Amino acid sequence: MARDTTTLSRRDVLKTSGAAGAAGLTGLAGCAGIGGGGGDSEYPALGNYPVEGDEVVFGLNVPQSGSYSQEGEDELRGYDLAVDHLNNGGGWVDNWDGLSGEGVLDKTVTTVEGDTATDPDTARQSASRMISRDNAIMVTGGSSSGVAIAVQGLCQEENVIFQCCITHSNDTTGSECVRYSFREMFNAYMTGQALAPVLAEEYGEDLNFYQLYADYSWGQTQQASMEQFFTDVGGWNQIESVPTPLGTSDYSSYLSDVPRDETDVLVLNHYGLDAANSLPQAIEAGLDEDMEIVVPLYNRLMAEAASGSIGGIFGTADWNWQLEDDATQSFVEVYREEYDRAPSYGARIAYTQTLQYAAAVERAETFYPPEVIREMEGVEYDGAGLGAETMRACDHQAQRDVLVMQGATPEEQTEDKLLNIVSQTSRDDMGYACDAGPAAECELGEYGDE
């Protein structure tokens, strides 16, 4: 249906009022595309477009079992809160240009859930069901880069947009990038850029480091980025780098091989329950008495599980509830009201990427995937708790600040506070060009309407 230009539509009113009153996250991309979400649109059928009826389905594909299942629980809380606010107002929706609190394009948002089991094959099967059986117009979720890469590949094939949640591998928006996937979270390359200067200043230069890493996409690119930036920035020397299987519970054989007399810094590239196992076992083995230990990527749930071992340990995080900006504190307030706890960064990513998709649909004035994609590419925004961000068009990787964290000592810890913010590295002091770093390997593929 061509847009009626003779009268103001609901969205015209929203955009006018939003532009006047927006104080939070504001998309700056121009409008593009015409046509609605229903079957009378002038756009051809593609993926699960057009959307029929009064409801639109979002697919929430998260780990509800496996090594990262705790992450999945918090992601679902963030998604549920986002959908509630999209349908009924509240939270960031009230200040997000173009969002009404009355659904998306006048359709009520409903959801279906799946369990990735932290396994790429299982996740792909679950997402496939959401697309073919439930007609999900958008799929989101995941807490493993292996899962994200598998699902985003499927979504490219099916012309269904995928909004990544927790995925930190360089490959997600690098060698494995696709047109139909977007990532708000930072990546391992950016962790290296933010963390290496802090460690060089804290521990000194010309040190020897030894790495253990989870042997899949995330751990492999994490290991490579740590090697690159620890060597380039601090002049450190890597003694050895050893892969460990995802889901390992006993790291004693790997830790016993670390040469205590040569190693200055031990880098544990593990996440979730893996990190909750490897770090306490390293402390129990007394390695912290002979060397420094670093966990490059923190999450709150891992910090909870290993709380007695994290004191003084450096790492990075996507976001933290202790940030004092208005958007962060607004999100923390509504999250606490709903769940009586502070949100993890997984919840923030889930909430943010759901609203990002909805706002792009409103700007495009259609659910037609190629037009929604074009609205997200290059959009500049702020108010998501990290200052100014850009969803870069060349690789669909958000260019944003990165937090360097340090584990709180047992005496400092509370139920919510397990980590301290050391610094917020500006996106202006890091990042990489479209022809450098992981982006140099990215070829996004087709929109589907060429």
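Computed from heavy atoms alone, side chains included, the values below leave out hydrogens, waters and symmetry copies. Residue numbers start at 1 and run along the sequence shown. Because the structure is predicted, anything quoted here is derived from the model rather than measured.
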Does this structure show an ion pair linking [X] with [Y], if we count only N-O contacts that are shorter than 4.0 Å?
X: Glu55; Y: Lys107; answer: no
X: Asp74; Y: Arg348; answer: no
X: Asp318; Y: Arg300; answer: no

Do we get Arg374 above Tyr447's six-membered ring, with its NZ or CZ under 6.0 Å from the centre and within 45° of the axis? yes
Quiz item: cation-pi between Arg392 and Tyr432, 6.0 Å / 45°: yes
According to side-chain contact (heavy atoms from CB on, under 4.5 Å), who are the partners of Val294, at least two apart in sequence or on a separate chain? Leu195, Leu199, Tyr203, Val265, Pro296
Please identify each residue that fulfils side-chain contact (heavy atoms from CB on, under 4.5 Å) with Arg427, with sequence neighbours left out. Ala388, Thr390, Asp401
More than 12 heavy atoms of other residues, nucleotides or ligands under 6.0 Å from CG of Asp326: yes or no? no
Is it true that atom CG of Asn237 has more than 12 heavy atoms of other residues, nucleotides or ligands lying nearer than 6.0 Å? yes
Hey, mind stepping through Glu389 and Gln399 against side-chain contact (heavy atoms from CB on, under 4.5 Å) and telling me if it holds? CA-CA 6 Å; Glu389 299 187 53; Gln399 301 298 296; over 6 Å; no
For Asp429 and Thr425, indicate whether the former's side chain and the latter's backbone hold a donor-acceptor pair under 3.5 Å. no
Quick test of your reading: applying salt bridge (Lys or Arg N to Asp or Glu O under 4.0 Å), list the pairs with at least one residue in residues 109-126, sequence neighbours left out, ordered by first then second residue. Arg124-Glu157
Pair His396-Arg179, side-chain contact (heavy atoms from CB on, under 4.5 Å): steps then yes or no: CA-CA 8 Å; His396 294 189; Arg179 182 72 63 185; 4.1 Å; yes
Spatial distance of atom [atom1] ([X]) from atom [atom2] ([Y]) [nearest 0.5 Å]:
X: Leu268; Y: Asp274; atom1: CG; atom2: CG; result: 11.0 Å
X: Leu403; Y: Gln322; atom1: CG; atom2: CD; result: 10.0 Å
X: Phe162; Y: Arg183; atom1: CZ; atom2: CZ; result: 11.0 Å
X: Glu441; Y: Thr173; atom1: CD; atom2: OG1; result: 10.5 Å
X: Asp416; Y: Ser344; atom1: CG; atom2: OG; result: 11.0 Å

Under 6.0 Å between ring centres, would you say that holds for [X] and [Y]?
X: Phe230; Y: Trp236; value: yes
X: Tyr351; Y: Tyr79; value: no
X: Tyr189; Y: Phe229; value: yes

For a side-chain contact (heavy atoms from CB on, under 4.5 Å) check, start with the C-alpha distance between Asp94 and Leu99, then their side-chain angles and the critical distance, and finish with the verdict. CA-CA 7 Å; Asp94 290 346; Leu99 297 181; over 6 Å; no
Is the distance between the SG atoms of Cys177 and Cys442 less than 2.5 Å? yes
Check the pair Val160 / Tyr180 against side-chain contact (heavy atoms from CB on, under 4.5 Å), numbers first and verdict last. CA-CA 7 Å; Val160 171; Tyr180 273 73; 5.5 Å; no
